[in-house]
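Report on the following structure.
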Amino acid sequence: MKRYAAIIVSCLVFFVGLFLFRAIFLALGLTLFFLLIWSLLEAVWYFRDSPVILGLANLCLAAILALAIYSLVFLPVEFLTTEILLITPKVSSWGGLGFLGALVLWFSLVNLGSILVAKKEWRWSLVSLLAISFLVYGFWRHFKLEREYWPKVYSFVPKEGIQAEIVSIRGVNFFPVWKRGKVILGAQEMVILDWNEELIVAEQPVPYQFGKVDLYVVRSDGRESNKVSYEVEDPGKLGRKATEIEKL
Amino acid sequence: MNRWWEKYQRFLGAVFLLWFLLRTGQFFGFSFGVDLHLLFRVVLFLGGIWGIWGIWRNWDSIFPVLKGFFVRQKREFSVKTKAAQAKIVAFSPRILGGRAGSLAVLPLAVAVGVFGELGELGGKLPRILFSKEGILVLGILGILGDVFVFDFSSDLMILFLTGLWLWSVRRYRLEGRVSVGVALFFLAMCPFLLIFKKDPIAEKAAIWAYMFLVVGVGQLFTENLKR
């Protein structure tokens, strides 16, 4: 950068820093950081034709592109699957790592630098892809942080029962026993026998309605978990069912 | 085979850069839901494979060097052990004078030979550590370790590391702007460390910025006087 341009841009960065942080020290730091990064970029640009810089740029591009595709595909799909649609435990660490590894393998074998040099329109596609993936990452981060600590019911046994049936509910974020909440079955509260962060054992109360009802956990802070379907059986019909089975 | 080797190297480099990118992101509070410890172990494993593959590929040039080194060491060790054996026999009673005596004192001679080799290695270590390059590397590693690794803060250590830097400046005839540049680097890091709530590291970076600034100003002052 020319001397006057550097002075003007540094002043602008300083004012932006002042506006953002409202502190002179931080704004000065931002300006210094900008100048350092700029000098580094200029040095890299000066040696841009050297094979070391070209190779390094290719590898950096491969890593960044893999991370962008990962943010664009894996993170939203995993979030939608495990947090919204199915409510299941998170995918194992190896799953995400395997996906990322496959992407890195793919991109590291392609000479991205030469493609970008040859096809100018691809550069804008790459920039757009990075911007979109950054946005998606931002949304994912926002919603993930919001939902990460909500109570979630993953499974429960048995799926149906009569009065005094013991039901085990497995999930996460139920809070410890000294901050225990409630388990709601339809419109009734179940009797809690055991409570911890990931497992609740509760007893079915005397029902005032039969059939499929919603079962969910209400934490001590009032946050409700996802609702699962539980069948409250009619003991009278159970006798008839047994007779039909015997006849068969 | 060369094509596969190149491809593997590229893949390994990209995986390492990915780990570095994710680790830097995590340092600034950006998590991508990836287990970085696991990724690091994967990088290490892949690096191990790369090392073994590299040795296997270059075995023809590595083997003679290794062989030469071991043969030389073996010869030296053998000469020292034999000399030690002869001396022990010479200072022993006459009963140990024959072949049986020589065999009896052999374990002692081997022990003397091993200690001799270790002593030689011990003699070489300080020469490497206190060389010009050794002190510069020690100083740089010490400063980076003090800022980013160690939890405690010690004035004595800061003084000692500053002394190492001053010594390197003198030996390498570094200009004052080098120290000022390092000071600016630490100074520029501070606000970002503060923004990302790394207060202890920012505090140490600020201390080092001040120390380098002092050293740099001193150097510039001396340079001006000389002119």
Side-chain angles (χ1 to χ4, degrees), chain A residues 17 20-21 23-37 39-40 55-67 70-71 74-75 78-79 82 90-101 103-112 134 137-138 140-141 144-145 148, chain B residues 3-26 28-43 45-46 50 177 180-198 202-203 205-206 209 212-213:
Chain A
L20 284 176
F21 305 123
I24 290 175
F25 180 63
L26 295 183
L28 271 175
L30 183 69
T31 316
L32 278 173
F33 190 73
F34 165 77
L35 285 173
L36 276 175
I37 293 290
S39 312
L40 195 73
L56 209 62
N58 256 333
L59 295 183
C60 281
L61 214 56
I64 291 170
L65 212 55
L67 202 59
Y70 174 82
S71 307
F74 186 83
L75 292 181
E78 195 217 11
F79 178 74
T82 60
K90 282 188 172 52
V91 176
S92 145
S93 310
W94 284 104
L97 219 56
F99 187 76
L100 207 50
L103 286 173
V104 169
L105 180 65
W106 175 259
F107 289 125
S108 65
L109 296 184
V110 181
N111 196 351
L112 291 164
F134 191 72
Y137 172 76
W140 171 80
R141 191 178 150 85
K144 186 194 144 235
L145 285 178
E148 184 141 33
Chain B
R3 263 181 60 204
W4 284 107
W5 170 246
E6 267 177 30
K7 280 178 182 175
Y8 185 76
Q9 286 202 113
R10 262 161 40 199
F11 170 62
L12 181 61
V15 172
F16 176 75
L17 278 173
L18 180 73
W19 172 80
F20 182 74
L21 209 67
L22 288 170
R23 186 71 191 83
T24 313
Q26 195 192 42
F28 291 113
F30 294 100
S31 155
F32 284 81
V34 178
D35 187 347
L36 286 183
H37 292 289
L38 194 63
L39 182 58
F40 185 69
R41 268 179 263 162
V42 170
V43 171
F45 178 72
L46 293 174
W50 175 78
R177 59 184 179 173
V180 173
V182 180
L184 287 180
F185 169 72
F186 278 120
L187 200 64
M189 259 174 44
C190 288
F192 290 91
L193 291 166
L194 286 172
I195 290 166
F196 292 105
K197 310 279 179 222
K198 304 281 175 194
E203 199 177 302
F212 276 107
L213 215 54

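The model shown is predicted, which means the values in this text are computed figures rather than measured ones. By convention in this document, chain letters (A, B, ...) are assigned in the order of the sequence lines, proteins followed by strands, and residues within each chain are numbered from 1.
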- Item | Non-hydrogen atoms of B:Phe11 and A:Gly101 that approach each other most closely |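 That would be CE1-O, 3.8 Å.
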
- Message: Using every non-hydrogen atom in the two residues, find where B:Ala14 and A:Ala63 come nearest and quote the distance to one decimal.
- Response: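 Here B:Ala14 and A:Ala63 meet closest at O-CB, 3.8 Å.
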
- Quick check: are there more than 12 heavy atoms from other residues, nucleotides or ligands sitting under 6.0 Å from CD of A:Glu148?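 Yes, enclosed.
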
State the [atom1]-[atom2] distance between [X] and [Y], to the nearest 0.5 angstrom.
{"X": "B:Leu187", "Y": "A:Leu36", "atom1": "CG", "atom2": "CG", "answer": "10.0 Å"}
{"X": "B:Leu39", "Y": "A:Leu100", "atom1": "CG", "atom2": "CG", "answer": "7.0 Å"}
{"X": "B:Leu36", "Y": "A:Leu97", "atom1": "CG", "atom2": "CG", "answer": "9.0 Å"}
{"X": "A:Cys60", "Y": "B:Leu17", "atom1": "SG", "atom2": "CG", "answer": "4.5 Å"}
{"X": "A:Leu109", "Y": "B:Glu6", "atom1": "CG", "atom2": "CD", "answer": "11.5 Å"}
{"X": "A:Tyr70", "Y": "B:Phe32", "atom1": "OH", "atom2": "CZ", "answer": "9.0 Å"}

Toward chain A, the part of [X] with a non-hydrogen atom under 4.5 Å:
{"X": "B:Phe192", "value": "side chain"}
{"X": "B:Leu194", "value": "side chain"}
{"X": "B:Phe20", "value": "neither"}

- If we only count heavy atoms from C-beta on, is the B:Leu38 to A:Trp94 side-chain gap below 4.5 Å?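 Yes. Closest side-chain heavy atoms under 4.5 Å.
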
Residue [X] versus chain B: region with a heavy atom under 4.5 Å:
{"X": "A:Phe21", "answer": "side chain"}
{"X": "A:Leu26", "answer": "both"}
{"X": "A:Ser71", "answer": "side chain"}
{"X": "A:Trp106", "answer": "neither"}

- Could you check which of A:Leu30, A:Asn58, A:Ile64, A:Leu75 has the highest count of heavy-atom pairs closer than 4.5 Å to chain B?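 Maximum pair count with chain B is reached by A:Leu30.
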
- Apply side-chain contact (heavy atoms from CB on, under 4.5 Å) to B:Leu21 and A:Leu67, showing your working. CA-CA 9 Å; B:Leu21 209 67; A:Leu67 202 59; 3.8 Å; yes

